[in-house]
Amino acid sequence: MEAVPALARLRTQRVPLRFYRRDPVTVGRALLGCALVRGDRAGVIVETEAYLGPEDKASHSRFGPTARTSVMFGAGGVSYVYLCYGVHELFNIVTGDADQPGAVLIRALAPLVGLPDDPGVGRGPGKLTRALGITRADDRQILDRDDLFVARWERVAPTRIAAGPRVGVDYAGRCADRPLRFWIEDHPSVSKAPRRREA
DNA sequence: GCGGGGATTAACT
DNA sequence: GTTAATCCCCGCG
């Protein structure tokens, strides 16, 4: 597949901003199989996590709107990029209408355009931002631009979608157990996949 | 201001 | 399994 025709097609398949104006669980599931496009690179989303409003003790919205997180309290369809552990940029998409705080963390991508043909290159939330060149300069961007958007790509049957607890949020008590992580079953680019036993 | 801690990753033992 | 890297956010005083 050549990069330019693929990008041209992706632009015609861009999802409308109303796509994001639903709850983070619905959006997190619907994003699976969609393409995330950044500049001349793109990957297929294969793993997401939903983060809810202040009642979700794992969500950055739990402190209310602050200088960093106020974007989560606005209308959906906007990026939220932050630095994690002082090392990695993590890419999220804000969901819902204004005053319905929530977001979806993109946790893994399969290479599609402009990336090495290696299932590991987008396996993990810190790795995929590095692969696509996403940084905090991409924070608070409306996802209707030509160089940063989501497009419909492949349809994922509901039976291929798995759900389980989110990763790295054990501090959140009860909220940590909720099945708010979604991934495409058996996909090689999913992070923390259970290791398959050798024959 | 200060101090604690984190939506991760790779490189150790 | 354990740990370093590395920085900024947030609550509190």
Side-chain angles (χ1 to χ4, degrees), chain A residues 20 23-32 34 36 38 43 45-74 76-96 100-111 115-116 118-141 143 150 161-184 187-195 197:
Chain A
Y20 306 104
D23 66 276
V25 170
T26 301
V27 175
R29 293 175 61 96
L31 282 169
L32 297 175
C34 290
L36 174 61
R38 172 53 167 45
I45 297 169
V46 300
E47 181 183 351
T48 62
E49 280 178 356
Y51 287 86
L52 316 182
E55 75 283 2
D56 178 2
K57 296 312 177 193
S59 175
H60 286 177
S61 69
R62 68 188 182 278
F63 298 119
T66 66
R68 181 179 61 159
T69 64
S70 60
V71 66
M72 287 185 72
F73 291 76
V78 181
S79 62
Y80 168 43
V81 182
Y82 74 95
L83 185 67
C84 185
Y85 292 101
V87 179
H88 304 285
E89 323 264 354
L90 268 54
F91 179 80
N92 303 256
I93 298 175
V94 175
T95 63
Q100 297 177 326
V104 172
L105 169 69
I106 309 302
R107 280 196 59 89
L109 299 174
L115 298 177
D118 168 4
V121 74
R123 187 192 289 142
K127 291 170 70 175
L128 74 89
T129 54
R130 174 173 283 265
L132 290 181
I134 290 172
T135 70
R136 277 165 291 168
D138 298 293
D139 185 33
R140 294 173 179 254
Q141 302 301 302
L143 300 182
V150 171
I161 299 179
R166 293 170 294 184
V167 176
V169 298
D170 291 345
Y171 58 87
R174 255 180 79 252
C175 298
D177 299 327
R178 299 184 58 179
L180 295 175
R181 175 178 176 232
F182 309 104
W183 66 95
I184 298 178
H187 195 287
S189 291
V190 169
S191 74
K192 311 276 166 92
R195 184 193 291 227
R197 238 173 32 140

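Order of the sequence lines fixes the chain letters, A, B, ..., with proteins taken first and strands second; residue numbering starts at 1 for each chain.
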Sugar-phosphate, base or nothing in reach of A:Val87, heavy atoms under 4.0 Å: base
Answer yes or no: is there an ion pair linking A:Asp56 with A:Arg166, defined by an N-O contact shorter than 4.0 Å? yes
If the cut-off is 4.0 Å, is A:His60 near the phosphate of B:dA7, judged by side-chain N/O to OP1 or OP2? yes
Centroid under 5.5 Å and tilt under 30°, A:Tyr171 to B:dG6: no
Heavy atoms under 4.0 Å, any strand shown: does A:Arg68 hit a base, just sugar-phosphate, or nothing? sugar-phosphate
Could you tell me how far apart A:Arg178 (CZ) and B:dA7 (C1') are, to the nearest whole angstrom? 16 Å
Classify A:Phe63 by what it touches in the nucleic acid, base, sugar-phosphate, or nothing, heavy-atom distance under 4.0 Å. sugar-phosphate
Write down the distance separating the P atoms in B:dC2 and C:dT6, rounded off to the nearest Å. 22 Å
With a 4.0 Å cut-off on heavy atoms, is A:Arg136 in touch with a base, just the backbone sugar-phosphate, or nothing at all? sugar-phosphate
Rounded off to whole Å, could you give me the CZ-to-P distance for the A:Arg181 and B:dT8 pair? 10 Å
Rounding to a whole Å, what distance do you find between A:Asp170:CG and B:dT8:P? 10 Å
Whole-Å distance separating the CG atom of A:Leu128 from the P atom of B:dT9: 8 Å
Check whether the ring centres of A:His60 and A:Tyr82 lie less than 6.0 Å apart, and answer yes or no. yes
Rounded distance in Å between the C1' positions of C:dT3 and B:dG5: 16 Å
A:Arg130 side chain vs A:Lys127 backbone, donor-acceptor pair below 3.5 Å: no
So what's C:dC9 paired with, Watson-Crick or G-U wobble, going by both distances under 3.5 Å? B:dG4
Could you tell me how far apart A:Tyr85 (OH) and B:dT8 (C1') are, to the nearest whole angstrom? 6 Å
Is A:Asp139 salt-bridged to A:Arg68, going by a charged N under 4.0 Å from an acidic O? no
Given atom CD of A:Glu89 and atom P of B:dA7, what is their separation to the nearest angstrom? 15 Å
Could you check whether A:Leu83 gets within reach of a base, just the sugar-phosphate, or nothing at all, counting any heavy atom under 4.0 Å? sugar-phosphate
Quick one: does A:Arg181's side chain have a donor or acceptor within less than 3.5 Å of a partner on A:Thr48's backbone? no
Measure from CD1 on A:Ile93 to P on B:dA7 and round the result to the nearest Å. 19 Å
Between CE of A:Met72 and C1' of B:dA7 the distance, given in whole Å, is 10 Å
